[in-house]
There are 2 protein chains.
Amino acid sequence: MFATNNFVDRLMKPTDAELEILHVLWANGPSTVRQVHESLSQSRDIGYTTALKLMQIMHEKGLLSRDAESKSHTYTAAVSEEDTQRGLVDRFVETAFKGSASKLVMQVLGQHKASQQELEEIKQLLNQLNNEHN
Amino acid sequence: MFATNNFVDRLMKPTDAELEILHVLWANGPSTVRQVHESLSQSRDIGYTTALKLMQIMHEKGLLSRDAESKSHTYTAAVSEEDTQRGLVDRFVETAFKGSASKLVMQVLGQHKASQQELEEIKQLLNQLNNEHN
DNA sequence: AAACATATACGAATGATTTCGTAGATGCAA
DNA sequence: TTGCATCTACGAAATCATTCGTATATGTTT
């Protein structure tokens with residue numbers, strides 16, 4: 001069953017800037033500050049030391065782990081994409097939709113284009129949920 | 001078709017505290033600061049002047065309109081629930097899911113319990129979208 | 001070893017959000 | 001009209017997020 005996960009509550013809420021960095025690490029795997037900075041630079045203006053500072057703070061917070069072997073440290077996401085998004089969704093449903101998850105779903109489906117295949121996947125998941133209901 | 005709405009971009013992003021107030025006004029209609037404060041007090045600790053200040057700021061920002069006829073002003077939401085949520089969802093899909101709306105939907109459906117009826121509504125919407133695809 | 005490129009550490013400015021205290025206005029009641 | 005309850009206005013503190021400059025360390029190259 002889709003039990004609500006207890007330890008979700010304990011998850012830190014990453015800020016927007018922190019999420020950007022997590023997305024890079026989730027996509028590219030363990031990276032140096034330079035690599036992350038280069039990736040971020042492609043989508044917006046951001047100084048090298050800004051990226052560095054953010055990643056240092058995230059390390060303090062426990063969002064990233066790091067290997068300080070060589071001169072340039074290697075950082076790794078210490079939280080999974082899945083768990084993080086779960087926590088974010090929880091908060092978002094609460095603050096923006098007063099807890100009504102289905103309203104959120106309706107809003108998203110009406111608002112964003114999804115491919116035929118994506119729609120299929122969603123339908124299958126729905127059927128699954130439907131069965132569990134009976 | 002479900003065109004993306006231009007003027008969504010121009011919508012102010014309400015903060016969490018501001019959203020709380022908007023929810024009260026959307027639910028109860030035009031209200032005084034006292035009424036809003038009383039409503040908020042039921043779910044959390046908040047000073048009267050805090051609510052007042054927030055509503056004054058929201059008025060400056062154009063999120064609320066107000067009628068200053070009597071001694072106690074009456075405030076009204078100047079943005080609709082629908083439009084506001086559309087803007088919030090846009091931002092959220094972008095920052096938390098890198099633009100993948102369907103991933104968000106899957107995450108939400110797997111995570112939150114929905115009633116049989118809600119699932120039905122969602123399915124119907126899906127079928128509708130499916131037809132438009134062909 | 002001296003110079004250079006590149007790293008980290010860290011302080012601090014800035015801006016936004018949230019909070020509340022205090023002062024002063026307003027209207028009603030004694 | 002004096003006083004009391006209640007309102008608005010406003011200043012300002014506290015916290016957090018983001019940003020970057022400067023100092024210092026480290027490792028490589030000449």
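Residue numbering restarts at 1 for every chain, and letters A, B, ... go by the order of the sequence lines.
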Taking the side chain as C-beta and beyond, is there a heavy-atom pair between [X] and [Y] under 4.5 Å?
X     : Y     : answer
A:R34 : A:E38 : yes
A:H73 : A:D67 : no
B:T32 : B:Y75 : no

- Here the pair of heavy atoms bringing A:S39 nearest to A:V24 is OG-CG2, 3.6 Å

- Item | Where A:A77 and A:L25 come nearest, the two heavy atoms and their spacing | N-CD1, 4.0 Å

- Task: Go along nucleotides 18-25 of chain C 5' to 3' and tag each nucleotide: B for a protein heavy atom under 4.0 Å from its base, S when only backbone or sugar atoms are that close, - otherwise.
- Result: SBBBB---

Could you state the [atom1]-[atom2] distance from [X] to [N], rounded to the nearest angstrom?
X     : N      : atom1 : atom2 : answer
B:M58 : C:dA16 : CE    : C1'   : 15 Å
A:M55 : D:dC20 : CE    : P     : 16 Å
A:H59 : C:dC10 : NE2   : P     : 13 Å
B:L64 : D:dT8  : CG    : C1'   : 15 Å
A:E60 : D:dC16 : CD    : P     : 13 Å
A:Y75 : C:dA7  : OH    : C1'   : 10 Å
B:M12 : C:dT17 : CE    : P     : 10 Å
A:H73 : D:dT26 : NE2   : C1'   : 10 Å

- Task: Indicate whether OP1 or OP2 belonging to D:dA9 is found under 4.0 Å from a side-chain N or O atom of B:Q56.
- Result: yes

- First encountered from the 5' end of DNA chain D, between B:R34 and A:K13: B:R34

- Query: Under 4.5 Å between side-chain heavy atoms, hopping through other hydrophobics if needed: is there a path connecting A:I57 to A:M12?
  - Reply: no

